[in-house]
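In what follows, a single structure is set out as structure tokens and then discussed.
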Amino acid sequence: MTTPALLLDDVAHAFGARVALDHLTLAVGPGQVTALIGLNGAGKTTALRALAGRLRPTRGTARVLGHDPATLPAAVALRFGQAVETPLVYPELTVTENLRCAALLHGLSGRDAAPAADAAVGRVGLDPWRHALARTLSMGNRQRLGIACATLHRPAALILDEPTSALDPQGVVLVRGLVRDLADDGTAVLVSSHHLDEVARIADEIVVLHAGRDVGRLEPGGTDLEQRFFAMVLAADTRAADTRAADAGSPP
Ligand code: ATP
């Protein structure tokens, strides 16, 4: 692989006694879509927060376009997009105003910001709400707006946390198309999801996360993805139980 645009290298993180990430290593190269899939509490958001610079891992290294996400140089931040947790939108601005702001904040000129915002409205299907205040949007439409703000500058690296969790089927199709289009243009994408069939359509690689660990990879084009996912999760739980039993039985 060429230099990874997104990198987690041996990353571990604990919240007190709770281990959220356990030696996770993954790299996403330009033009690649990697999906993080796992049950509730598997550690997906924690991994993305480490890349968003919102959490300093207890151990290991996170890199965005070769830089520490906590101290991204401004020029690098302009080439990064993220929609992690709450959409980063201004509630008292309209949809179009939010998008123009996002365009300016991502380095587009005043002249380019308006057409970029208009194009983004269409790409995520927000035309009927273009003049609505963000605070009046439904949850799904707020999610569409957050994704549009994170992507309208066509970033070189993009992280999306459950980008379709609140979307209707039309929104899911639009976001899938948007992600694939960006990747085909060279964007490195790391996306978390619960939905195997959805990520299978856009991902080049599927990383299965369980109890903070990478417990295996799924071939996106493969069959019986769900069955193989649960087999990996079960095998990881069995290994963990065996290790605990061996530790309990070993002499002090
Ligand atoms: P979901 O699919 O439910 O969003 P997830 O895979 O994104 O889950 P995380 O949110 O990364 O999982 O959580 C991983 C683990 O870390 C969980 O056990 C969670 O309870 C714990 N955790 C996450 N954030 C905190 C926090 N701020 N304080 C304490 N524990 C936390």
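Given the structure is predicted, the values throughout are model-derived calculations rather than measurements. Any value given below was found using the heavy atoms of this structure, including those in side chains, with hydrogens, waters and symmetry copies removed. Positions are given from 1, in the same order as the sequence printed here. Remember, it's 1-based here, ligands and their atoms both numbered in the order they're listed.
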May I ask you to list the atoms of ligand 1 that are less than 4.0 angstrom from any heavy atom of His194?
2 (O)
For ligand 1, does Leu209 get within less than 4.0 Å through its side chain, its backbone, both, or neither, judged by non-hydrogen atoms?
neither
Electrostatic pair Arg201:Asp197 at N-O distance under 4.0 angstrom
no
Asn40 heavy atoms, cut-off 4.0 Å: which ligand 1 atoms fall inside?
1 (P), 2 (O), 3 (O), 8 (O)
Flag, side chain of Asp204 to backbone of Val33, donor-acceptor distance under 3.5 Å:
yes
Nearest heavy atom to atom 9 (P) of ligand 1 wins, so pick from Thr46, Asp161, Val19.
Thr46
Closest to atom 14 (C) of ligand 1 (judged by heavy-atom distance), picking from Gly16, Gly41, Ala47, Ala17:
Gly41
Counting from 1, what ligand 1 atoms have a heavy atom of Ala42 closer than 4.0 Å?
5 (P), 6 (O), 12 (O)
State plainly whether the residues Arg228 and Glu219 are in salt-bridge range, i.e. N to O under 4.0 Å.
no
Looking only at protein heavy atoms, which one is nearest to atom 28 (N) of ligand 1, and how far off is it?
Phe15 CD2, 3.5 Å
Are any of the side-chain nitrogens in Asp22 or Arg59 under 4.0 Å away from the carboxylate oxygens of its partner?
no
Who's closest to atom 4 (O) of ligand 1 heavy-atom-wise, of Leu55, Thr45, Val84?
Thr45
Can you tell whether the side chains of Asp247 and Arg244 come within less than 4.0 Å, N to carboxylate O?
no
Do NZ/NE/NH1/NH2 and the carboxylate oxygens of Arg217 and Glu205 come within less than 4.0 Å?
yes
Taking atom 16 (O) of ligand 1 as the reference point, the nearest protein heavy atom with its distance:
Ala20 CB, 3.4 Å
Between ligand 1 and Gly43, can you find any atom pair, the residue atom being a heavy atom, that is separated by under 4.0 Å?
yes
For atom 18 (O) of ligand 1, what's the nearest protein heavy-atom neighbour? Residue, atom name and distance, please.
Arg18 CD, 3.0 Å
Any chance the side chains of Glu85 and Thr45 put a donor and an acceptor closer than 3.5 Å?
no
Taking atom CZ as the centre, does Arg79 end up with more than 12 heavy-atom neighbours from other residues, nucleotides or ligands that are less than 6.0 angstrom away?
no
